[in-house]
Amino acid sequence: MSTHPAERARTPRSVHVERARKLLFGGLAGGVGAAVVAMIGFGIGMGVRGLASAALASVMVLFFYSVGQLVMVRFADAGARLLLSVALASYTGRVVVLGLLLLLYARFSDRFPVVPMVVFLSTVAVVVGWLVVEVIVFSRLRISVYDANDETPAPEHEPVP
């Protein structure tokens, strides 16, 4: 297999990778759109602290979902067991990173005052924005009910003596 970038660009990707990419970009568009609305709204309504709180929540949610979906894109063609293992490892890693960020924030919270209600509402808004657009993209994917590879072979006929 060649590693030349021009040749890799011409290599057809599997249908699973393409679907996972569409879900990633769709969800990202919805999440970023909701993040922008939340930051503008809370920035106007609560000033710089509202803007910073909304931005912090938006970045955390977008990081969490983007990394998870990027892992799904990378392993879209893997078997079910490997995909489950990778998804669980990715989830655990993301939770640990967010936990460390929260621990860091707890240590220095006096230097970075945030508005908890704005963080909560922005988190909900970005999650909902991501998921709504992801569901819309998923509903428009063409996924056949029957897999072409699952056809049963025709029975072999035994010769009659």
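Position 1 is the first residue of the sequence, and the numbers go up from there.
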Legend entry - Residue pair Met72 / Ala87: nearest heavy atoms and the distance that separates them: CE-CB, 3.5 Å
Inset, instruction - Decide yes or no for Tyr65 and Leu131: does some side-chain heavy atom of the first lie under 4.5 Å from some side-chain heavy atom of the second? - result: yes
Inset, instruction - Evaluate whether atom OH of Tyr91 has more than 12 neighbouring non-hydrogen atoms of other residues, nucleotides or ligands under 6.0 angstrom away. - result: no
Inset, instruction - Hey, could you give me the CG/CD distance between Leu141 and Glu18, rounded to the nearest 0.5 Å? - result: 10.5 Å
Legend entry - Cluster check Val114, Leu104: I/L/V/M/F/W/Y, side chain < 4.5 angstrom: yes
Legend entry - Nearest-0.5 Å distance, CG of residue Leu70 to CG of residue Leu28: 8.5 Å
Inset, instruction - State, with a plain yes or no, whether a side-chain heavy atom of Arg19 is found less than 4.5 Å away from one of Val15. - result: yes
Inset, instruction - Over all heavy atoms of both residues, which pair between Leu23 and Gln69 is shortest? Give the atoms and the distance, please. - result: CB-NE2, 3.8 Å
Inset, instruction - Answer with yes or no whether the hydrophobic clustering places Leu88 together with Leu82; edges join I, L, V, M, F, W, Y residues whose side-chain heavy atoms lie under 4.5 Å apart. - result: no
Inset, instruction - Could you identify which residues cluster with Leu51, counting Ile, Leu, Val, Met, Phe, Trp and Tyr as linked when any side-chain heavy atoms lie under 4.5 Å apart, either directly or through a chain of such contacts? - result: Met39
Legend entry - Same cluster (ILVMFWY, side-chain, under 4.5 Å), Tyr105 and Phe108: yes
Legend entry - Any side-chain heavy-atom pair of Trp130 and Leu62 under 4.5 Å: yes
Legend entry - Counterpart residues, ring pair (Phe, Tyr, Trp, His ring centres under 6.0 Å), relative to Phe75 (two or more places apart): none
Inset, instruction - Look only at the side chain of Ser90 and the backbone of Val86, and say whether a donor-acceptor pair between them is shorter than 3.5 Å. - result: no
Inset, instruction - Evaluate the side-chain proximity of Phe25 to Val137: yes if any heavy-atom separation is below 4.5 Å, no if none is. - result: no
Inset, instruction - Determine the minimum heavy-atom distance between Ala34 and Ala125, stating which atoms define it. - result: CB-O, 3.3 Å
Legend entry - Any side-chain heavy-atom pair of Val37 and Ile40 under 4.5 Å: no
Inset, instruction - Share the residues that join Met117 in a hydrophobic cluster, the rule being Ile, Leu, Val, Met, Phe, Trp or Tyr side chains under 4.5 Å apart at the heavy-atom level. - result: Phe42, Met46, Val115, Val118, Phe120, Leu121, Val124, Val128, Val132, Ile136
Legend entry - Transitive ILVMFWY side-chain link Leu101 to Val95, under 4.5 Å: yes
Inset, instruction - Could you tell me which non-hydrogen atom of Val126 sits nearest to which non-hydrogen atom of Gly31, and how far apart they are? - result: CG1-O, 3.7 Å
Legend entry - Spacing of Leu24 atom CG and Ser66 atom OG [to the nearest 0.5 Å]: 6.0 Å
